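Working notes, beginning with the structure itself.
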Amino acid sequence: MAKVRVGAGLPQPLGATWDGAGVNFALFSAHATKVEVCLFDPKGRREIQRVALPEYSHEVWHGYLPDVRPGQLYGYRVDGPYDPANGHRFNPHKLLIDPYARALYGEIAWHDACYGYRVGSPRGDLTMDRRDSAFVMPKSVVIDTAVTWGGDRHPRTSWADTIIYEAHVKGMTAVREDIPQPLRGTFAGLSDPRMVEHLQKLGVTAIELMPVQAFFDDREFVQRGLTNYWGYNTANFFAPAARYISPGADIHEFKLMVRRLHEAGIEVILDVVYNHTAEGNHLGPTLSFRGIDNASYYMLGDDKRYYFDTTGCGNTVNLRHPRVLQMVMDSLRYWVEECHVDGFRFDLTTALGREYEHFDPSAVFFDAVRQDPVLQRAKMIAEPWDLGPNGYQVGNFPPGWAEWNGRYRDTVRSFWKGDGGMLPALAQGLLGSADLYDHRGRKPWASVNFVTAHDGFTLTDLWSYNEKHNEANGEGNRDGHGDNRSWNAGVEGPTDDPDIRALRDRLRRNTIATLLLSQGTPMILMGDEIGRTQHGNNNAYCQDNDITWMRWRGMTGRDFAFMEFVRGVAAIRKRYAALHWPNFLHGTQIHGDGTRNVVWYRPDGVEMDNGAWTDPAARAVAVMLGDIPARLLLVVNAYHGTLPFHLPNGGRPYWRVRIDAGRGELDPPDRTYPVGDVLDLEGRTLLLLAGETVMRGRS
């Protein structure tokens, strides 16, 4: 290759930008003394040119290479002091990933050369390693971002109407036999018409994808024969993970997936990890940020050799630095503007709002998001915790944000498990957790209600195991949460006992119906609708196999019946506005006759009072929701035995059963009862009844 020409270029935009005639390279580093762009052959095996960026403006190194074209593989080498004691870890022998790269080529081939220090040295990370890491590093790729979107439009589903489905790109289609083999486990496979149809029939309006930003299999995972299946260890915030792109395709496959889902009215939400990176602690590898400007990109401790870590992953990204904040904001806008993503779920969001020891809902990151004209239109969801002091901040995020409501999860699990004293917390959860979110103009949708998620038991396992069974992870079953609030219904794990299986199915139906009939934003875990099991593993972060994949083959009659039940309950939720009201319901008057929009009842038909709410033995309650033109009555009984239940006056002469989760019935034709009648309310059941003007039959 002839010597590449280089001009001054511009300090903006950051990254490698193709303008139709050449490529502008721009890299922020406040403390570097020299930055070089290294160009590689098409296979990434041989470095063919090394070009020093000639200009340094506003702490950005930049240069323009008119002879470079899209498809060029490259990386950076950054020179400066190797002085860990003062927070600097520059090492020009290490090839570095461009933080703004839109695509990466290849995977890490783990080797001691990946580390900036001499692994095994008596002085630890204080001794620089001078081996070249280019031969084991993935390469950044210059791309042309132009794509034809046609008539694609964001669905813009209102929060009040949103139902989220949390999914894993590979896990959804890894063993789906009616999808072509090369497309299984990819963006193309996920957007196959058969998968889209499944999501549509399920009634979900948004799919929340576990991390798809570039990540690698950690060295310790590879050494144990495992993988970084979940992907919560991001190495680049712009490039999609190459493992999800089908053979022969490129990054535009992700955009095609988004367009196909949008055509079906389904929004795309990305689970993103901006709180830490894949470089780990002071003994981790030098892949990108650490070698570009360690002291700027990361929060350092009082001893600058070490990192201030509230993530449990070795480091915390320094969003207080304006250039690091700019990178995160540029990344978010890129996924919205260039890739048409509809929203984000932020991993360990408390870490993004920290001023070291203290969480601040007005931290610079939240303020930046709030005023951004692009991100204001996107759905923003916080995972409201980290591992630092006072890390659990549920309910404390700014207006405009929704939050994973872990308190709701624990309450619903405990209630259906049969624990006493749960009625007050259950009542709060059923009405959108106003005690957490009804302030600063926040709405019920701020509570993202979930009972299961990727982290923890699946719905099937929740009612099949008392204890976690994580032996396959190779950590002696010490990993994963011990507070599962689960119940095996009498036998640990699989059983052929028909009574236990029937009880487990009953509990599954009660749980999913509670989720879908609560105020707020429901989130369903991938596979819960068809009985997916992880065999008791509640921390399957490293299991890229049938432990975590969707089990499409061999579905039983039980699986199909449960899937139809979930679809039906979701449809009924959409049918009645009172089940997804846009504002909090506080029992206020809604009709001229004084009827309130929320009334709570004991099984004897008397309104709940303080004594009933605080009775530790009480496990049954009903709530009447005012709806126009109908009123709804939601009845729950977690007690194991049958109770007499007195039907209250709902403004119409009859109540008709719409959902009987205990029996698994939807809109049964002969289940209408007059006001004042006494039902035999079966044990462990949930009923939804609607006011009717005519008798339609009785069971």
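Side chains are part of it too, since the values below use all heavy atoms of this structure and drop only hydrogens, waters and symmetry mates. What you see is a predicted model; the values in this text were computed from it and never measured.
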#### Entry: ring-ring contact (aromatic ring centres under 6.0 Å, His included) evaluation trace for F397 with F359
CA-CA 10 Å; F397 285 79; F359 171 79; 5.1 Å; yes
Looking only at the side chains, is there a donor atom on one of [X] and [Y] sitting less than 3.5 Å from an acceptor on the other?
X    : Y    : result
S121 : T127 : yes
E166 : H454 : yes
Y307 : R290 : yes
Y74  : D98  : yes
D293 : Y298 : no
Y100 : D330 : yes
S288 : E279 : no
D347 : N275 : yes
T17  : N24  : no
D125 : H282 : no

Measure up the [X] and [Y] rings against each other and bin them: parallel (under 30°), tilted (30 to 60°), perpendicular (over 60°).
X    : Y    : result
H340 : H262 : parallel
W61  : Y56  : tilted
H168 : Y229 : parallel
F187 : F254 : perpendicular
W401 : F366 : perpendicular
Y274 : F346 : tilted

Under a 4.0 Å N-O cut-off, is there an ion pair linking [X] with [Y]?
X    : Y    : result
D360 : R354 : no
E59  : R323 : no
K379 : D342 : no
R77  : D132 : yes
D67  : R5   : yes
D303 : R305 : no
R184 : D192 : no
K255 : E253 : no
D217 : R243 : yes

Output yes when a side-chain donor or acceptor of [X] lies under 3.5 Å from a complementary backbone atom of [Y], and no otherwise.
X    : Y    : answer
T350 : W385 : yes
R69  : A21  : yes
D83  : H88  : no
D41  : G44  : yes
H276 : G314 : no
Q72  : V141 : no
T173 : L190 : no
T234 : N236 : no

Just how far is it from atom [atom1] of [X] to atom [atom2] of [Y], taken to the nearest 0.5 Å?
X    : Y    : atom1 : atom2 : answer
L96  : S133 : CG    : OG    : 7.0 Å
T205 : I164 : OG1   : CD1   : 7.0 Å
Y115 : R89  : OH    : CZ    : 13.0 Å
D152 : R259 : CG    : CZ    : 7.5 Å
W18  : D144 : CH2   : CG    : 7.5 Å
L73  : E47  : CG    : CD    : 12.0 Å

### Task
Check whether any side-chain heavy atom of F289 lies under 4.5 Å from a side-chain heavy atom of T277, and answer yes or no.
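A side-chain contact under 4.5 Å exists here.
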### Message
In the structure I gave you, are the side-chain heavy atoms of Q371 and D367 within less than 4.5 Å of one another anywhere?
### Response
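The answer is no, as the side chains (C-beta and beyond) never meet within the 4.5 Å cut-off.
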### Task
Please indicate whether N390 has more than 12 foreign heavy atoms, meaning atoms of other residues, nucleotides or ligands, lying under 6.0 Å from its CG.
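Atom CG in N390 is not crowded, with 12 or fewer foreign heavy atoms closer than 6.0 Å.
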### Shortest non-hydrogen contact from G284 toward Y117
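That would be O-CE2, 3.9 Å.
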### Message
Using every non-hydrogen atom in the two residues, find where P138 and L95 come nearest and quote the distance to one decimal.
### Response
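So the two residues come closest at O-CD2, 4.5 Å.
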### Message
Run the ring-ring contact (aromatic ring centres under 6.0 Å, His included) test on F308 and Y356 for me, step by step, so that the C-alpha distance in whole Å, both residues' side-chain angles and the decisive distance to 0.1 Å come before the verdict.
### Response
CA-CA 8 Å; F308 181 80; Y356 282 90; 4.8 Å; yes
### Task
Please identify each residue that fulfils ring-ring contact (aromatic ring centres under 6.0 Å, His included) with H321, with sequence neighbours left out.
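For H321 the ring-ring contact (aromatic ring centres under 6.0 Å, His included) partners, ignoring immediate neighbours, are F28.
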